[in-house]
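See below for the structure under consideration.
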Amino acid sequence: MTDLAMPAPGAPLQAQQRLWSRYLRRPLGVTALAVFLLVVLAGLLAPLLAPYDPHLVDYDLTQAPPSAEHWMGGDSAGRDIFSRLLYGARTTVYGAAVACVVGIGIGVPAGVAAGYFGGVTDRICSWVSDGVQAVPGMIVLLIVAAGTGADFTVLMVTVGAFMAPGYYRISRSRALAVRKEPYIDAARVAGLTHTKILRAHMFRAVRAPVIIQSALTAGIAMGMQTGLQFLGVGTASAPDWGQMMNDGFRTMGTHPLILLWPSVALGVTMAALAFMGSVLADLVSVRTEPAPRRRRRTATTGTGRRTAPTGEPAPPAAASALRIENLRVSYATAQGDKEVVHGVSLDVAPGEVLGIVGESGSGKSQTMFSALDLLPANGRATADGIWIGGLPVGHLPPARRHALLGTRVGYVPQEPMSNLDPCYTIGHQLVEPLRAVHGMTKAQARARAHEVLVRVGITDADRVMASYPHQVSGGMAQRVLIAGAVAGKPELVVADEPTTALDVTVQAEVLELLRELQREYHMALVIVTHNFGVVADICDRVAVMRDGRVVESGPVEQIFDRPADPYTAELIRASQDDTDSRDDLDAAWHEAGRKVHT
Ligand SMILES: Nc1ncnc2c1ncn2[C@@H]1O[C@H](COP(=O)(O)OP(=O)(O)OP(=O)(O)O)[C@@H](O)[C@H]1O
């Protein structure tokens with residue numbers, strides 16, 4: 001079975017959206033599809049198209065050459081070859097369809113589950129898949145044939161089971177790639193369950209490769225069934241191409257046409273399927289490596305419960321929108337556990353804006369990923385407690401934790417484009433969490449999505465809702481993500497470097513928008529950034545991080561006017577010295593109608 005070049009995760013957009021229209025522009029693809037459809041139609045309409053009963057024996061027709069009445073002549077038993085060829089197409093297509101359905105039914109769910117969940121699920125499914133591949137298929141088929149009286153459907157189900165590992169491999173590798181996509185993290189923060197993520201994102205992502213695989217699998221299944229029938233394994237009640245080839249093979253020396261007709265039919269059909277698969281694979285394959293990115297997956301937030309300095313568990317922080325106490329984050333590495341966040345504590349009051357500032361690698365993102373349950377699989381967070389809206393997220397079961405995150409927290413990520421699923425319209429991506437997490441009807445969710453898009457400054461909201469992510473600009477995509485983050489009216493919004501990927505003018509607008517929305521909805525807002533200047537006019541308080549620790553925190557004015565730590569003073573100086581970008585930003589900021597803090 002052929003391994004396929006998979007579409008790069010996240011790209012692709014057009015490749016997936018317009019696959020069929022692009023396919024239809026390929027002459028080879030169109031020809032192959034036309035030939036295949038012709039075979040399918042011939043099989044389906046055989047009772048109408050066949051000039052004779054395929055079982056009708058006419059001794060005068062025995063091994064007769066083609067004539068005006070019998071276009072392909074007669075076989076060794078005196079039956080009309082053309083009619084049998086049409087009925088044989090029916091058997092062949094039916095057998096291939098059964099094998100594909102069984103292969104997809106077993107291989108795709110197993111592959112998607114293995115790729116998405118990983119761990120034990122992945123190991124067990126991979127063992128089973130490897131085991132199936134190690135079994136000699138033809139021997140099993142002969143045993144099944146002997147045990148079932150060569151029932152054709154059972155035989156093709158067995159062929160399908162042997163095809164399942166091929167579907168398993170491609171689905172698993174695609175799911176592995178897609179689960180690393182930021183939009184999967186975003187879906188989890190939005191509170192979507194595993195079932196919904198699997199259905200909405202994973203199965204959709206494997207659709208194109210599965211279609212391609214099916215073209216190849218169908219061809220292989222046809223070859224196998226014809227081989228079995230050629231060997232006499234199968235029922236003789238319906239005409240099939242394998243029996244016809246067997247008949248032709250015996251008279252090949254004297255009447256080669258009897259072998260030629262079914263051989264040509266099988267060869268042309270298999271070639272058509274192979275070309276269809278090849279053209280499709282060519283269209284969806286993006287032969288570039290996916291951009292490296294941080295892998296965030298299963299969360300381990302707050303699983304460890306450490307004792308507070310007093311010896312008692314930290315008290316519930318009911319008055320805080322977000323409270324983190326003594327958070328430590330470590331990663332399992334080849335050299336042992338490496339701690340990257342060393343006892344960070346933060347507190348954000350309802351309606352407050354906190355900036356977490358620090359240079360790259362200071363632990364800002366790890367701190368917030370812990371709160372949002374987005375740490376990678378090899379990351380481990382322990383804390384005296386993490387509370388969101390007074391609820392201790394670290395001590396809640398995963399399902400309740402996700403539900404809580406979905407309803408109470410909005411997340412604005414760093415890279416707007418890769419945080420939107422390329423396969424869905426923007427409207428769908430806004431509506432789905434509102435329905436799934438907030439229990440709105442479709443109409444209510446659409447109305448809310450429209451309203452919030454208009455609120456974030458998107459005037460042609462209808463068009464944007466109908467657009468796919470690649471059809472909008474980066475700034476527009478970030479507005480969409482902000483709309484998504486605030487649509488459920490969360491108490492807390494976490495924005496992780498929300499302007500990094502945007503140009504300076506758009507940065508100012510996006511920051512202004514976040515501030516406006518924060519005031520309007522009275523949300524707490526945490527902005528993670530490396531740029532002191534950017535947060536200066538937005539934040540009420542700032543926590544400065546360095547090497548996994550908070551070196552100082554306090555009101556913005558105080559930190560700016562009297563930084564207690566030399567590192568803070570250095571950061572402030574650096575952001576003010578960065579004159580070019582600061583001047584650009586200031587100009588843009590003034591344009592956006594804001595006064596810049598200097
Ligand atoms: N998956 C990982 N495995 C091991 N170490 C990691 C992993 N992810 C992050 N780290 C380490 O954790 C530390 C803090 O990273 P973090 O992403 O929180 O930095 P940051 O302050 O957000 O910087 P940036 O803005 O560049 O993301 C860094 O030293 C980083 O190397």
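One is the number of the first residue; the rest follow in order along the sequence. Both ligands and their constituent atoms are indexed starting at 1 by order of listing. These numbers come from the heavy atoms of this one structure, side chains and all, not from hydrogens, waters or symmetry mates.
- Ligand 1 lies out of reach of G379, whose nearest heavy atom is not under 4.0 Å from it.
- When the options V340, L375, V341 are ranked by their closest heavy atom to atom 11 (C) of ligand 1, first place goes to V340.
- Distances between N or O atoms of T333 and those of ligand 1 include no value under 3.5 Å.
- Close approach of ligand 1 to S360 (heavy-atom distance below 4.0 Å) involves ligand atoms 23 (O), 24 (P), 26 (O).
- With a 4.0 Å cut-off on non-hydrogen atoms, E497 touches ligand 1 through its side chain and not its backbone.
- Of the N or O atoms in P376, none lie within a sub-3.5 Å distance of an N or O in ligand 1.
- Judged as a salt bridge (charged side-chain N to carboxylate O under 4.0 Å, His left out), the pairs with a partner in residues 351-363 (not counting sequence neighbours) are, in order, E352-R541.
- A salt bridge is absent between R519 and E516: the closest approach of a Lys/Arg side-chain nitrogen to an acidic carboxylate oxygen does not fall below 4.0 angstrom.
- Sequence neighbours left out, the pairs with a member in residues 479-491 that pass salt bridge (charged side-chain N to carboxylate O under 4.0 Å, His left out) are R408-E491, R479-E509.
- Between R448 and E451, at least one side-chain N (NZ, or NE/NH1/NH2) sits under 4.0 Å from a carboxylate O, which counts as a salt bridge.
- Smallest separation of non-hydrogen atoms from D460 and R463: OD2-NE, 2.8 Å.
- At least one heavy atom of S362 sits closer than 4.0 Å to an atom of ligand 1.
- With 3.5 Å as the limit, one finds a donor-acceptor pair spanning the side chains of Y168 and S126.
- Those atoms of ligand 1 with a heavy atom of E359 less than 4.0 angstrom away are 21 (O).
- Residue Q366 has at least one N or O atom closer than 3.5 Å to an N or O atom of ligand 1.
- Proximity of a side-chain donor or acceptor of S320 to a complementary backbone N or O of R323 within less than 3.5 Å is not detected.
- Of the polar atoms of K364, at least one N or O is found under 3.5 Å from an N or O of ligand 1, judged by distance alone.
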